[in-house]
Amino acid sequence: MADHQSTGAPVELDEREHGYSRRKFLGSAALLGATGVGAAIGLAGRTGLVEAAAPAGGLSHEVKPGELDAYYGVWSGGHSAEVRVIGVPSGREIKRIPVFNPDALTGWGLTNESKAILGTKADGTLKYTTGDTHHVHGSYKNGIYDGRYFWTNDKIHGRLARIRGDVFECDKITELPNIQGFHGIFPDKADPVDPKINYTTRVFCGSEFHVPHPNDGTNMDDRSKYYCLFTCVDAETMKVKWQCRVDGNMDLVATSFDGKLAASNQYNTEGGALYVEMMSAERDSCVFFNIARIEAAIAAGKTFRLDGSDVPIVDGRKEVNTDPKTALTCYVPVPKNPHGVNASPDGKYFICAGKLSPTATVVELARVLDWFEGKVKAERDTVVAEPELGLGPLHTAFDGRGNAYTTLFLDSQIVKWNIEAAIKAFAGDKSAKPVVDRVDVAYQPGHLNASMSETKAADGKWLAVGCKFSKDRYLPVGPLHPENEVLIDISGEKMKLVHESPVYSEPHDFIIVKRDLIKTKQVSNMADYPNATKDLASSKIVRDGNKVTVHLASAAPAYSMSEIKVKQGDVVTLILTNLDKVEDLTHGFAIPKYDINFIVNPQETRSVTFVADKPGVYWCYCTHFCHALHLEMRSRLMVEKA
Ligand code: RUQ
Ligand code: CUA
Ligand code: CA
């Protein structure tokens, strides 16, 4: 084991980069009676990556103090509107990434930079303050995660957010036009036409709720004019590229490894507004999108547009796609109110869970492509298996050894089943038994995912299960219960439930990514911030009429100005650069009564704008524990009476 207590190396780094000795400084701080603070200052105590050793005969979920998890778990936060990073297998929560939720710790939704990402109204306030993240997926290269980006959806307002994999911060948010109930999301894994593009360039988004087109209050009663649109967003620019109108609605989304197909399960092909209507048909469908054909139709201008948006739309409804050889879409019948569609890591199948049917439907992608060539007659002939699994099947994960794991919501179980055995049984082989194993979980599992599951490198080690109810599993804390995340060792023939942990409501979905695929930047680059206050000497206050710009810097344990003098009524933009280069040396900046609080990580610049409407002295102080003299790190905002 490496020595995790050593801070020797980071101190040297600090001396090298700063040209002064923090070790000496700490010495005097200790003399001032601040002993013990040194550890809390956390002078970048980064040591070697130590992974928990696996004992013989199964996997250990124990990650001892000082050891690091083998996987990054990237979890959605539901209507907390955030995304979380959870270590797997330990279950330790490492970070909360504010996405659609204004956040008091980081100042997300308060700094000018984050407001520009979130979007504001004409008066400068946030356009939305709520969100609902359900699904998180990462960018791919060669069929596995490449660590560049993660995406998550906002079901409430129909927004797609991107998180940078190098800093685990949200950098772009796009609102999708003409849709409601944006639910399923999946990045593509390759280009359908150009084999050189073997990485993610598009993100596909399904919409769950039918809305009138246009949705302007003129046509609310005629439900035959309500539609759902499948949306394609450019992974780099985050601009909406195109949309495709479908029959029925969409729920989850999956993409093929060759980039040719995307699909979405549809539970409301009835177009119902009431649940009894939505469950009236025995079969709904899984709609497949022929990406190359859709993009060719867009390029050929076979499109229309809806009021208030320039996004080109193609018509993917059945009535205009009757010839498979030119069809943009293929609707495969699937029983009944299916939920979830997942791509097997061998690239061959999509699996749609039945929800109201005890089955999962296995669709063979080669046959779907053949259907588009007119070589397979009926859409239903693309189905190669439909095993009975249990009650309430929702989502499926994979171990890379030919087995699938499906959550049974009503049975509170995980069922492990073999895909090839299910295909044999469907073909009439009575000796084929698809179900391999079952394990009870507490309670009502929704999503599950296995380590590297929907990638070519599915490693069949860990299966995490998000249980929607925890009931009696934890100390009672009043009416709101946490959710229960369950960890299962799937390395052997039998599943082994090894661990449970409570999580703050209400994660839906997650991915589990091998840690060596993620390369983070622990200290930012000042050059990325054009408005940076480059050094202490550039710190200044610039006035232009009643517009005042404060160029401020921080270097532990002080801000570059101890007094910031402005006049009542001034519109103040305060730009703060953290000059400290030491990893983990984050400063905060709070202004009492002005409702301002944000952080600046090492070498970052953040700004806020406010009207100095309250005269008096306001002690601006550092909110983020940074130094032995953290409490002393203050400055006075002095607002002169008008
Ligand atoms: S859904 S419990 Cu929002 Cu992902 Cu299936
Ligand atoms: Cu700077 Cu606390
Ligand atoms: Ca239905």
Side-chain angles (χ1 to χ4, degrees), residues 37 40-42 75-79 132-137 152-156 181-186 206 208 248-254 264-272 274-286 333-342 352-357 392-396 406-409 444-449 465-469 483 506-511 553-559 576 578-580 582 584-590 597 599-602 620-635:
V37 174
I41 292 172
W75 250 250
S76 72
H79 46 293
D132 185 17
T133 62
H134 282 220
H135 304 112
V136 179
H137 291 289
T152 192
N153 69 307
D154 166 24
K155 181 167 169 175
I156 302 177
F182 165 30
H183 191 217
I185 162 187
F186 220 103
E208 207 182 319
N249 74 335
M250 285 159 288
D251 192 14
L252 282 294
V253 174
S264 185
N265 64 295
Q266 304 187 293
Y267 67 80
N268 188 14
T269 52
E270 301 90 340
L274 309 170
Y275 75 82
V276 278
E277 295 169 353
M278 296 183 206
M279 55 192 279
S280 59
E282 280 314 304
R283 277 182 183 159
D284 292 285
S285 44
C286 183
V334 173
K336 169 179 187 174
N337 286 32
H339 188 71
V341 54
N342 294 97
C352 232
K355 192 163 82 184
L356 302 188
S357 157
L394 292 185
H395 295 283
T396 299
T406 301
T407 45
L408 300 175
F409 183 81
Q444 267 79 43
H447 275 277
L448 82 176
N449 220 338
V465 181
C467 290
K468 300 291 187 193
F469 297 85
E483 286 191 62
E506 173 176 65
H508 285 243
D509 195 11
F510 37 86
I511 55 173
S554 62
Y559 298 112
L576 174 58
N578 182 358
L579 297 178
D580 283 311
V582 181
D584 204 3
L585 216 169
T586 293
H587 295 290
F589 192 84
N597 183 27
I599 58 168
V600 270
N601 296 309
C620 307
Y621 72 97
C622 179
T623 45
H624 206 92
F625 211 110
C626 55
H627 192 275
L629 296 173
H630 158 72
L631 292 175
E632 289 80 350
M633 185 164 176
R634 304 192 219 162
S635 165

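Both ligands and their constituent atoms are indexed starting at 1 by order of listing.
Among the backbone and side-chain atoms of Met278, an N, O or S atom lies under 3.0 Å from the Ca ion (ligand 3). One of the N, O or S atoms belonging to His587 lies under 2.8 Å away from atom 1 (Cu) of ligand 2. Atom 1 (Cu) of ligand 2 has an N, O or S atom of Met633 inside 2.8 Å of it. Counting backbone and side-chain atoms alike, His630 contributes an N/O/S atom closer than 2.8 Å to atom 2 (Cu) of ligand 2. With a cut-off of 2.8 Å, atom 1 (Cu) of ligand 2 has an N, O or S atom of Cys626 in range. Here Asn268 does not reach the Ca ion (ligand 3): none of its N/O/S atoms is less than 3.0 Å from the metal. The nearest N, O or S atom of Cys622 is closer to atom 1 (Cu) of ligand 2 than 2.8 Å. For residue Met279, no N/O/S atom approaches the Ca ion (ligand 3) to within less than 3.0 Å.
Within the listing of ligand 1, atoms 1 (S), 3 (Cu), 4 (Cu) sit less than 4.0 angstrom from a heavy atom of His183. Counting atoms of ligand 1 from 1 in the listed order, those under 4.0 Å from a heavy atom of His135 are 1 (S), 3 (Cu), 4 (Cu). Contact atoms of ligand 1 toward His339: 1 (S), 2 (S), 5 (Cu) (distance under 4.0 Å to a heavy atom of the residue). Residue His134 approaches ligand 1 through these ligand atoms, each under 4.0 Å from one of its heavy atoms: 3 (Cu).
Between His627 and Met633, the closest side-chain pair of non-hydrogen atoms is not below 4.5 Å. No side-chain heavy atom of His339 sits under 4.5 Å from any side-chain heavy atom of Leu356. Considering only heavy atoms from C-beta on, Pro445 stays 4.5 Å or farther from Leu394 through its side chain. Residues Thr133 and His508 have side chains not in contact (no heavy-atom distance under 4.5 Å, counting atoms from C-beta outward). Taking the side chain as every heavy atom from C-beta outward, Thr406 and Thr396 approach each other to under 4.5 Å. Side-chain contact between Pro602 and Thr586 is present, with heavy atoms from C-beta onward closer than 4.5 Å.
Within the 4.0 Å heavy-atom criterion, neither part of Lys155 lies near ligand 1.
Between Tyr559 and Phe589, the ring-plane angle classifies as perpendicular under the 30° and 60° cut-offs.
Here His134 and His447 keep their ring centres 6.0 angstrom or further from each other. Taking the centre of each ring, His135 and His183 come in below the 6.0 Å mark.
The two residues Met250 and Gly206 make their nearest non-hydrogen contact at CB-CA, 4.0 Å.
The Ca ion (ligand 3) forms the vertex of an angle spanning OD1 of Asn337 and OD1 of Asp284; to the nearest 10 degrees it equals 120°. Angle O(Tyr267) to the Ca ion (ligand 3) to OE1(Glu270), rounded to 10°: 90°.
The atom of His624 nearest to atom 2 (Cu) of ligand 2 is O, with the search restricted to N, O or S atoms.
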